[in-house]
Amino acid sequence: MRRIVPKEFYLRSTDVVAKELLGKLLVRTLGSRRLSGVIVETEAYFGVEDPASRARRGGDLAKTLYGEVGVALVYGIHRQWLLNVVAHEQGKGGAVLIRAIEPVEGIELMIKNRGVSKITELTNGPGKLTKALMIDKSFHKKPMYEESSELFIEYYIDVNEEDIVRDYRIGVSKDLNEPHRYYVKWSKYVSKRKVYKQS
DNA sequence: CGCCAGATTGACT
DNA sequence: GTCAATCTGGCGG
């Protein structure tokens with residue numbers, strides 16, 4: 001039985017949502033076809049108080065970060081698309097970056113989309129998974145709690161608390177002094193690189 | 001319209 | 001390990 005994660009799920013602290021998204025299924029539909037994967041790595045980003053957040057730069061992304069929860073925030077960087085879900089408490093700003101998934105459905109098509117055959121290389125990075133699932137700017141601001149969006153998140157498995165690792169965010173030039181990256185310890189699909197610096 | 005930073009990736013030494 | 005390709009969005013002129 002499939003059940004989509006409801007909008008209310010995202011109206012909580014960004015950190016809690018980031019952690020609880022682990023083990024959920026990210027689904028992209030193409031007509032009757034499904035491409036999906038288990039979320040195994042996430043990072044929390046906040047509002048203007050976060051030096052690594054796009055909210056710092058103002059504009060549309062800042063508005064989206066502080067806006068309605070449960071919608072996709074698609075952001076382009078270094079010629080990749082990165083997928084976030086807007087999640088924060090009432091009156092605050094924040095979003096969860098989905099950094100890695102484990103392929104479940106539609107693996108053949110993902111291989112075609114990515115141009116690589118090694119399964120573990122398919123979706124073990126934020127830019128990689130958007131390419132594998134054919135996610136681009138057209139999904140920006142679309143609700144992720146409705147099947148009609150063709151991009152949504154379902155309940156899938158429960159991850160044990162002791163299997164969740166908390167660490168500093170990856171790749172940001174100016175991080176906060178607290179870890180905001182979460183990943184599943186046993187997953188082979190977590191992006192390995194660790195290039196964080198302290199501000 | 002040009003400039004530039006940046007939550008990345010993959011090719012290469 | 002190093003490094004550059006190449007894209008988006010904000011901002012200044």
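Each chain gets a letter, A, B and so on, in the order its sequence line appears, and its residues count up from 1.
Atom P of nucleotide B:dT8 and atom CZ of A:Arg169 are separated by 11 Å, given to the nearest angstrom. If you take CG of A:Asp50 and C1' of B:dG6, they are 14 Å apart, rounded to a whole angstrom. Remark: C1' of B:dG6 and OH of A:Tyr45 are 11 Å apart, rounded to the nearest angstrom. Taking atom CG of A:Asp175 as the reference point, atom P of B:dA7 lies 10 Å away to the nearest angstrom.
Side chain of A:Asn113 to main chain of A:Ala132: a donor-acceptor pair is present (N/O by atom type, distance under 3.5 Å, no hydrogens or angles).
In this structure, A:His88 and A:Tyr66 have tilted ring planes: the angle between them lies in the 30° to 60° band.
Here the CD1 atom belonging to A:Ile98 is positioned 11.5 Å from the OG1 atom belonging to A:Thr123, to the nearest 0.5 angstrom. Considering OG1 of A:Thr29 and CD of A:Glu105, their distance stands at 10.5 Å, rounded to 0.5 Å. Atom OH of A:Tyr45 sits about 5.5 Å away from atom CG of A:Leu97, to the nearest 0.5 Å.
Scanning both residues, A:Glu147 and A:Ile4, for their nearest heavy atoms gives N-CD1, 3.8 Å.
Phosphate contact (OP1/OP2 of B:dA7, side-chain N/O of A:Ser53, threshold under 4.0 Å): absent. A:Lys131 has no side-chain polar atom (N or O) that falls below the 4.0 Å cut-off from OP1 or OP2 of B:dT8. The side chain of A:Arg114 places an N or O atom within less than 4.0 Å of a non-bridging phosphate oxygen (OP1 or OP2) of B:dG10.
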message: I need a per-nucleotide contact map over nucleotides 4-10 of chain C, read 5' to 3'. Cutoff is protein heavy atoms under 4.0 Å; write B for the base, S for backbone only, - otherwise.
response: -BSBSSS

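One finds no salt bridge joining A:Lys188 and A:Glu102 here, because no Lys/Arg side-chain nitrogen approaches an Asp/Glu carboxylate oxygen to under 4.0 Å.
Within 4.0 Å of A:Arg56, counting heavy atoms only, lies no atom of the nucleic acid at all.
For an aromatic pair to be called close, the ring centres must be under 6.0 Å apart, and A:His140 with A:Tyr75 fails this.
Within a 6.0 Å radius of CD in A:Glu162, other residues, nucleotides and ligands contribute more than 12 heavy atoms.
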- line: Note, DNA chain C 5' to 3' with Watson-Crick or G-U pairs under 3.5 Å encoded as ( ), [ ], | and . gives |||||.||||||.

